[in-house]
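Everything on this sheet refers to the single structure shown next.
Order of appearance sets the numbers: ligands from 1, and atoms from 1 within every ligand. Just so you know, these numbers use all the heavy atoms, side chains as well, and skip hydrogens, waters and symmetry mates.
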Amino acid sequence: MGANDFQQAQQAITLHRPAKIATPQGPWSVEAIQALLDKPLMDLLFEAQTVHRQHFPEGDIELATLLSVKTGGCPENCGYCPQSAEFDTGVKAQKLMEVDEVVRAAQAAKDAGATRFCMGAAWRAPKDRDVEKVAVLVEAVKGLGMQTCATLGMLEPHHAHQLKAAGLDYYNHNLDTAPEYYTDVVDTRTYQDRLDTLANVRSAGISVCCGGIVGMGEQPVHRAGLIAQLANLNPYPESVPINSLVRVPGTPLADSEPVDPFDFVRMIAVARITMPTARVRLSAGRQQMGDAVQALCFMAGANSIFYGDKLLVTGNPDVEADTVLLRKLGLNSRQVQEQAEGCAA
Ligand code: SAM
Ligand code: DTB
Ligand code: SF4
């Protein structure tokens with residue numbers, strides 16, 4: 001290639017690169033989100049990464065560790081969930097964990113580099129005495145200097161206030177899918193129940209962690225509908241977990257078609273574009289995903305992962321595998337660097 005050809009090629013590349021992508025604003029129609037999802041993948045990735053870099057420092061990945069503090073025996077029938085009492089999944093019901101056991105797990109997560117600790121309970125809705133006990137757990141974990149998160153099912157306003165007073169930073173409550181598909185997945189509660197809890201959490205001054213699941217047999221329009229619901233919450237959630245369904249034998253959704261990995265990456269990208277300042281978490285399903293797809297998710301704007309070898313009851317990549325992956329990708333999470341240095345020392 002001569003010098004002139006090279007200059008021309010460079011010019012062509014420059015001409016095809018948008019100078020600056022303005023951060024798009026809501027409200028979002030389902031159609032507008034569908035149009036984003038349908039873009040050529042490279043254009044979508046480019047747009048998402050551009051938005052991402054306008055709002056977050058390069059290479060910053062949040063590490064959040066999950067602990068199931070009360071496992072199984074749940075009266076709801078969420079079709080994806082191994083913890084429902086209706087499904088025979090082999091998960092044994094356990095009562096709420098004691099505070100010292102939870103603190104030990106949180107300290108171990110902190111030592112491994114996690115900054116956020118999320119406590120999950122398989123309740124439809126906690127009772128007053130449950131919230132009192134969880135408030136003690138929240139206070140203890142907060143005392144370790146970690147960000148606290150809980151996911152306990154539906155919350156009444158007074159429960160939300162009690163948890164806020166104990167030091168709860170985030171409450172996770174997912175919308176899971178579009179309203180039109182919701183009754184195909186669960187019929188023991190309504191979409192409006194979910195929205196009401198989110199409003200109670202918001203009113204109590206707790207940050208909202210809310211996302212959904214891809215791969216439950218939903219149509220593309222339902223994926224767009226989920227993102228529209230999330231992005232149109234006012235304000236949109238501070239954390240947005242995007243889960244790829246973990247197909248657990250015994251659950252009604254165990255035989256769902258696996259998600260096309262590129263469609264999953266698209267969901268991450270569209271979450272990033274429509275909720276530019278949110279922590280978009282590449283959540284359940286990483287164990288089945290492979291390093292290259294995870295790298296594409298980070299390119300698409302994911303900047304948080306669940307960190308630790310277990311989600312609630314199913315598996316997750318172990319700390320060592322994640323340390324290696326993040327290092328290989330040059331994602332310089334400070335905590336991971338320190339962890340890696342600790343391992344090498
Ligand atoms: N019981 C509470 C509730 O449903 O709000 C809290 C725990 S629940 C397990 C938290 C979230 O985990 C669900 O809303 C769902 O999005 C996600 N989840 C559960 N099972 C899953 C699975 N098999 N694959 C992917 N995500 C799952
Ligand atoms: C979320 O969106 N995903 C996490 C967390 N919030 C609570 C739970 C994933 C659960 C995966 C299946 C299991 O281990 O129970
Ligand atoms: Fe119960 Fe939550 Fe599982 Fe639904 S997702 S069955 S509410 S633990």
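Looking at atom 5 (O) of ligand 1, its nearest protein heavy atom turns out to be Arg194 NH2, 3.1 Å. Taking atom 2 (C) of ligand 1 as the reference point, the nearest protein heavy-atom neighbour is Gly153 N, 3.6 Å. Nearest protein heavy-atom neighbour of atom 12 (O) of ligand 1: Asn174 ND2, 4.4 Å. Atom 9 (C) of ligand 1 has Leu312 CD1, 3.4 Å as its closest protein atom, hydrogens excluded (heavy atom only). Closest to atom 24 (N) of ligand 1, if we only count protein heavy atoms, is Val246 N, 3.0 Å. Annotation: atom 6 (C) of ligand 1 to nearest protein heavy atom, Thr151 OG1, 3.0 Å. Counting only heavy atoms of the protein, atom 27 (C) of ligand 1 lies nearest to Ile213 CD1, 3.7 Å. Counting protein heavy atoms only, atom 21 (C) of ligand 1 is closest to Tyr80 CD1, 3.8 Å.
Side chain to side chain, Asp128 and His159 meet the donor-acceptor criterion of an N or O pair below 3.5 Å. Judged purely by distance below 3.5 Å, without hydrogens or angles, the side chains of Tyr236 and Thr277 pair a donor atom with an acceptor atom. Donor-acceptor pairing under 3.5 Å is recorded for the side chains of Asn77 and Asp187. In the model, Ser304 has no side-chain atom that pairs as donor or acceptor with a side-chain atom of Arg116 under 3.5 Å.
The atoms of ligand 2 that sit less than 4.0 Å from any heavy atom of Val313 are 13 (C), 14 (O), 15 (O). Each of the atoms 2 (O) of ligand 2 lies under 4.0 Å from some heavy atom of Pro241. Residue-ligand proximity, Thr151 to ligand 2, at heavy-atom distances under 4.0 Å covers atoms 7 (C). Numbered from 1 in the order shown, with element, the atoms of ligand 2 that lie under 4.0 Å from a heavy atom of Asn172 read 5 (C), 6 (N), 7 (C). Listed by number with element, the atoms of ligand 3 under 4.0 Å from a non-hydrogen atom of Ala122 are 8 (S). Proximity to Cys81 (heavy-atom distance under 4.0 Å) selects the following atoms of ligand 3: 3 (Fe), 5 (S), 6 (S), 8 (S). Proximity to Asn243 (heavy-atom distance under 4.0 Å) selects the following atoms of ligand 2: 1 (C), 2 (O), 3 (N).
Any N or O atom pair closer than 3.5 Å counts here, and Asn174 shares at least one such pair with ligand 2. Geometrically, ligand 2 and Pro82 share no nitrogen or oxygen pair separated by less than 3.5 Å. Looking at Asp176 next to ligand 1, an N or O pair under 3.5 Å apart turns up. Not a single N or O atom of Gln83, backbone or side chain, sits closer than 3.5 Å to an N or O atom of ligand 2. Below 3.5 Å of separation, one finds an N or O of Leu312 facing an N or O of ligand 2. Looking at ligand 2, you won't find any N or O of Ser283 less than 3.5 Å from one of its N or O atoms.
Heavy atoms of Lys70 found under 4.0 angstrom from ligand 3: none, in either backbone or side chain. Neither the backbone nor the side chain of Glu76 comes within contact range of ligand 1; no heavy atom lies under 4.0 Å. Looking at Cys78 against ligand 1, nothing comes within 4.0 Å, counting heavy atoms.
Not close to ligand 2: Val246, with no non-hydrogen atom less than 4.0 angstrom away. Put simply, no part of Tyr80 is less than 4.0 Å from ligand 2, judged by heavy atoms.
By the criterion of side-chain heavy atoms lying less than 4.5 angstrom apart, applied directly or through intervening Ile, Leu, Val, Met, Phe, Trp or Tyr residues, Leu152 is not grouped with Val91; the two fall into different hydrophobic clusters.
Distance check for Cys74 against atom 4 (Fe) of ligand 3: none of its N/O/S atoms falls below 2.8 Å.
With hydrogens and angles ignored, the 3.5 Å screen pairs a side-chain donor or acceptor of Tyr307 with a backbone N or O of Ala112.
In this structure, Val185 and Tyr80 have side chains that are in contact, with non-hydrogen atoms separated by less than 4.5 Å.
Within the 4.0 angstrom cut-off, atom 5 (S) of ligand 3 has one or more protein heavy-atom neighbours.
In this structure, Tyr181 and His222 have parallel ring planes: the angle between them is below the 30° cut-off, well short of the 60° mark. In this structure, Tyr171 and His173 have tilted ring planes: the angle between them lies in the 30° to 60° band.
One finds a salt bridge joining Arg202 and Glu238 here, because a Lys/Arg side-chain nitrogen approaches an Asp/Glu carboxylate oxygen to under 4.0 Å.
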Verdict with reasoning, Leu175 to Leu195, per side-chain contact (heavy atoms from CB on, under 4.5 Å)
CA-CA 8 Å; Leu175 289 174; Leu195 293 169; 3.9 Å; yes
